[in-house]
Amino acid sequence: MPVTTRQIAILGGTFDPVHWGHIKPVQQVAEHFHFDCIHLLPTCLPPHRQQPEALETHRLAMLEAAATLDDRFVVNDWELRQGLPSRTLPTLKHFHASCANATLYFIIGMDSLLNLPSWEHWERLFSYAHFIVLPRPGYSLSDASTDVKALLQSRQAEAKNMQTGVGKIFIADVEPINISASELRDRLRDRTSKPELLPEPVWHYICKHNLYC
C-alpha cells in the first residue's frame, strides 16, 4: 500500500460553545500521529441530542476563534451547508472523496464508541476512515456490548500501524476533561468571570455578542 502524503483528522460536534474539553484531548492524541490538519466540523441538526442554543453563525465564529490556538485547526462548515440532520456516513464519504491520497482519522468519544451499533450504517463507516476514540468520564470499555467488543477485537490497532489505509480503531490514553456543555452555558450566563475551561478567544467572542445570556 502506498504511503499517503497527508494525515487528516476530523472532529465533529455541536460546539455550543467549543471549550478545552474539545481541544486539549485532540492536541494530546495528535502527539501519537502526524496530523497535517484537524477539521473542526460543527453539526447541523444533531439527531441524538438537544439542538444547539447558539446560532450556526456564532458556533462557526467561536470555532474560528478557537482555531487561532493551533495552526492545525481548520473550521469546516460542510455539514452545516447540507441543511440536514448530521449523519456520519455521508460526512466520511465526502472527506474520502475530497481528500484524495490522504489518511483520514475520525475522532469520537468513548460514549459514541459504546453506542456505535445504534448509528445508521455503522458497519460501513470503517470503509472510509480510521477511528480515534477519546476517553469520556463515566464511560468504560468494560461496559461495551458484544458487538463493540467484537469490533475492537478485529480492528483495534496502535498508532504506528494506522498511517495508511482505513478501518482501524485507536483507543487514546489521554487525560479526559470532565465538563458539561449545559453546565458551562449556565456559568456563562454570569459574566463576572471567565470559566477556566473556556479558551480566551472564545470567551471574548461570547462576551462581545452577548451569547448564552
R87 backbone acceptor or donor facing T91 side chain under 3.5 Å:
yes
Rounding to 0.5 Å, atoms CD1 (I169) and OG (S154) come to a distance of 7.0 Å
Residues passing the side-chain hydrogen bond (donor to acceptor under 3.5 Å, both in side chains) test with H19, sequence neighbours excluded, are none
Residues C44 and R59: closest non-hydrogen pair is O-NH2, 3.9 Å
One should read off an interatomic distance between W20 CH2 and L69 CG, to the nearest 0.5 angstrom, of 4.5 Å
Taking every heavy atom of I177 against every heavy atom of P25, the minimum-distance pair comes out as CD1-CD, 4.1 Å
dist R72:CZ -> I38:CD1 (nearest 0.5 Å) comes out at 5.0 Å
Checking side chain to side chain contact (heavy atoms under 4.5 Å, CB included) for the pair F95/H39: CA distance, chi angles, key distance, verdict?
CA-CA 10 Å; F95 275 94; H39 286 265; 3.7 Å; yes
Quick note, ring-ring contact (aromatic ring centres under 6.0 Å, His included) partners involving residues 156-185, not counting sequence neighbours, are H32-F170, F33-F170
Taking the side chain as everything from C-beta on, heavy atoms only, tell me whether I171 gets closer than 4.5 Å to Q156. yes
pair F73-Q27: side-chain heavy atoms closer than 4.5 Å:
yes
query = For Y139, does its backbone N or O pair with a side-chain atom of D143 as donor and acceptor, under 3.5 Å?
reply = no
Across all chains, not counting sequence neighbours, the salt bridge (Lys or Arg N to Asp or Glu O under 4.0 Å) partners of R155 are none
Smallest heavy-atom separation, P195 atom then R187 atom, equals CA-NH2, 3.7 Å
Between the CG atom in L134 and the CG atom in L11, the distance rounded to the nearest 0.5 Å is 7.5 Å
OG of S98 to CG of N76, rounded to nearest 0.5 Å, is 8.0 Å
| Do H94 and E79 touch side chain to side chain, with heavy atoms closer than 4.5 Å? | no
Distance col, row D111:CG vs L116:CG, nearest 0.5 angstrom, shows 11.0 Å
E158 meets the salt bridge (Lys or Arg N to Asp or Glu O under 4.0 Å) criterion, sequence neighbours left out, with K160
When every non-hydrogen atom of L40 is compared with those of F15, the smallest separation belongs to C-CE1, 4.5 Å
Between Y128 and L89, the two heavy atoms sitting closest are CE1-CD1, 3.7 Å
Close side-chain approach of C99 to L104, heavy-atom, < 4.5 Å: yes
Sorted by chain and residue number, the ring-ring contact (aromatic ring centres under 6.0 Å, His included) partners of F131 (sequence neighbours excluded) come out as F106, F126
Under the 3.5 angstrom rule, does the side chain of H96 hit a backbone N or O of A129 as a donor-acceptor pair?
-> no
Let's go through W122 and L151 carefully: what are the C-alpha distance in whole Å and the side-chain angles of both, what is the deciding distance for side chain to side chain contact (heavy atoms under 4.5 Å, CB included) to 0.1 Å, and is it a yes or a no? CA-CA 11 Å; W122 71 280; L151 182 72; 4.0 Å; yes
Q.
Using the rule given for side chain to side chain contact (heavy atoms under 4.5 Å, CB included), can you reason through R191 versus C213, listing the C-alpha separation, both sets of side-chain angles and the distance that settles it, and then say yes or no?
A. CA-CA 9 Å; R191 289 289 196 267; C213 291; 3.4 Å; yes
**Message:** Please evaluate residues R6 and N101 with respect to the criterion side chain to side chain contact (heavy atoms under 4.5 Å, CB included), reporting the C-alpha separation (whole Å), side-chain torsions for both, the decisive distance (0.1 Å), and the verdict.
**Reply:** CA-CA 7 Å; R6 294 184 296 162; N101 300 319; 5.7 Å; no
Between K149 and A144 the two heavy atoms that sit nearest each other are CE-O, 3.3 Å
Sorted by chain and residue number, the side-chain contact (heavy atoms from CB on, under 4.5 Å) partners of R189 (sequence neighbours excluded) come out as E53, R185, D186, Y212
Margin query: Between D36 (side chain only) and Q7 (backbone N and O only), is there a donor and an acceptor less than 3.5 Å apart?
Written below: yes
